[in-house]
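First up is the structure itself, then whatever we jot down about it.
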Amino acid sequence: MIKGWLSLSLEELRHHMTTLGQPPHRANQIWSWVWTKFITDIQKMTDLPQKWRDELSGELVLLPLTLIDSIQENESVKLLFETLDGHHIETVILKQDEATEETEDPRKRLTLCISSQAGCPLGCVFCATGKLGFSRNLEVDEILAQVILAERFIQEHPGLFGLTLTTPRKISNIVYMGMGEPFLNWDAVKKSISILTHPKGYNLGYRHITISTAGIIEGIRHFTEWNQPVRLAVSLHSPFRMGRERLIPISRSNSLDELIEVLREYQDATGRRITFEYILIAGVNDRLEDVEGLRKLLLPFKYVLNIIPYNPVPGIELETPSRGRVQTFFRFLREAGIHATLRKSRGKTIAAGCGQLGLLWENREVSL
Ligand code: SF4
């Protein structure tokens with residue numbers, strides 16, 4: 001079995017072609033099929049020599065994932081994939097960009113939420129994925145295959161997304177916000193971004209990509225040094241050290257003070273705005289003192305605070321705030337001069353809301 005070609009940059013694939021006795025431009029031909037038509041079956045790449053296609057057929061595995069199930073709800077479709085070694089990961093197609101507050105023309109936007117790990121080692125207390133534990137990091141091709149298969153799924157089901165346009169690429173934004181902590185698999189995540197943004201391939205703008213972190217200090221440092229205009233989202237969930245440590249155990253070793261310091265360094269170096277994610281949990285972080293804590297903590301930043309009402313997770317004893325409570329909290333934020341947006345908990349009934357990946361398949365007897 002030949003695999004791993006999808007993990008190669010165009011330059012690496014060109015070099016690889018020469019080692020196989022093929023001209024380097026074969027790589028460009030393959031990339032064009034994969035990244036503009038989402039075709040990964042070598043036999044269908046009709047501008048490659050038939051003899052070579054026949055030799056590779058049955059041997060070359062470009063896609064290391066298989067789509068094994070999908071569930072849809074009004075504004076989200078959740079895809080379940082299986083890796084070659086039997087792990088299950090999830091990807092969510094959202095009809096609107098939920099990761100940022102930008103909604104210039106929401107009707108045209110499809111956001112893809114992708115996974116960077118199978119499971120997650122961080123165990124945030126509100127999170128279904130964290131509850132499932134950690135299997136392993138995803139390879140570059142496993143991260144990229146989620147994009148190709150999601151594009152193919154959209155092409156095959158345009159009606160689900162209200163699409164009638166015939167533009168080849170349908171996804172406008174990608175957020176690394178699915179299963180796993182992207183900064184714990186940074187090399188693979190970084191390489192996947194360099195492939196997704198390559199002008200001769202998928203050609204997605206860096207600004208259309210968001211990395212979401214639970215607050216891994218070292219990872220944010222590397223991200224700052226990398227200095228590409230990818231957006232950064234940081235899970236905050238509490239403006240207080242103790243409160244945050246209760247919700248995000250990793251923040252005991254990646255403290256709130258260090259986080260604030262490294263984010264200031266990031267903003268000083270890049271000038272880019274930070275999205276802070278805040279899952280609002282009834283009686284936990286929805287008090288007036290939380291608003292005051294947020295006001296002080298956010299003061300030095302250019303930021304947006306994204307409020308996400310907690311999605312219930314079976315077996316986790318946290319409560320969703322009432323609609324009235326969410327509105328009151330939001331009003332307090334506004335009165336305190338905090339730049340906040342309220343994210344609709346889309347995908348709730350299919351367990352595709354934040355912190356819910358991994359939930360539903362469990363009940364469908366698929367082990368993650
Ligand atoms: S919220 Fe994110 S970082 Fe925390 S356990 Fe879940 S997947 Fe991991």
Side-chain angles (χ1 to χ4, degrees), residues 76 78-81 87-92 94 98-99 111-138 142-143 146 174-186 188-189 210-220 223 231-238 243-256 258-259 262-263 274-281 284-285 306-318 320 343 345-348 351-362 368:
S76 321
K78 185 172 174 181
L79 307 175
L80 179 68
F81 297 116
H87 294 296
H88 293 93
I89 58 166
E90 300 181 358
T91 304
V92 186
L94 299 155
E98 293 198 302
T111 292
L112 190 69
C113 176
I114 60 177
S115 295
S116 54
Q117 298 182 306
C120 183
L122 297 194
C124 301
V125 300
F126 49 82
C127 176
T129 308
K131 248 183 117 207
L132 292 168
F134 176 63
S135 299
R136 66 167 171 82
N137 280 338
L138 296 184
E142 291 168 328
I143 297 173
Q146 296 172 63
I174 291 181
V175 295
Y176 287 74
M177 210 180 260
M179 285 181 161
E181 161 58 54
F183 283 144
L184 294 185
N185 190 16
W186 179 229
V189 166
T210 301
I211 299 276
S212 176
T213 178
I216 305 295
I217 309 296
E218 204 50 36
I220 298 170
F223 184 71
R231 293 168 189 269
L232 179 65
V234 179
S235 297
L236 191 57
H237 308 328
S238 169
R244 201 161 175 277
E245 287 178 4
R246 268 196 295 270
L247 294 171
I248 310 174
I250 194 72
S251 63
R252 288 172 204 148
S253 54
N254 290 254
S255 74
L256 183 58
E258 282 179 288
L259 178 64
V262 79
L263 289 177
I274 299 165
T275 299
F276 288 101
E277 307 281 356
Y278 196 93
I279 294 187
L280 194 67
I281 306 167
V284 173
N285 59 2
N306 214 347
I307 304 294
I308 311 138
Y310 169 68
N311 286 329
V313 174
I316 295 179
E317 289 181 6
L318 295 173
T320 305
R343 197 199 295 176
S345 285
R346 244 175 243 114
K348 209 167 177 175
C354 185
Q356 292 197 314
L357 296 188
L359 252 189
L360 202 68
W361 316 108
E362 261 202 319
L368 286 156

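Computed from heavy atoms alone, side chains included, the values below leave out hydrogens, waters and symmetry copies. Counting starts at 1 for both ligands and their atoms, in listed order. A quick note: this is a predicted structure, and the numbers were derived from the prediction, not measured.
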Going by the order shown, which atoms of ligand 1 are within less than 4.0 Å of some heavy atom of [X]?
X: Gly180; result: 7 (S)
X: Gly123; result: 5 (S)
X: Cys120; result: 3 (S), 5 (S), 7 (S), 8 (Fe)
X: Gly130; result: 5 (S)

Using the side chain to side chain contact (heavy atoms under 4.5 Å, CB included) criterion, which residues pair with Ser238? Sequence neighbours excluded.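 If we apply the side chain to side chain contact (heavy atoms under 4.5 Å, CB included) test to Ser238, skipping adjacent residues, the hits are Phe240, Arg244.
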State, without any angle test, whether Glu181 and Thr213 hold a side-chain donor-acceptor pair at a distance under 3.5 Å. yes
Picking from Ile89, Ile143, Val189, Val175, what satisfies side chain to side chain contact (heavy atoms under 4.5 Å, CB included) with Ile114?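 Filter result, single survivor: Ile143.
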Hits for side-chain hydrogen bond (donor to acceptor under 3.5 Å, both in side chains) against Arg136, two or more places apart or cross-chain, chain-then-number order -> Asp85, Glu142
Region of Cys124 that comes within reach of ligand 1 [heavy atoms, distance under 4.0 Å]: both
Under 2.8 Å from atom 8 (Fe) of ligand 1, is there any N, O or S atom belonging to Cys127? no
Measure across Leu94 and Cys113 and return the closest heavy-atom pair with its distance rounded to 0.1 Å. CD1-CB, 4.5 Å
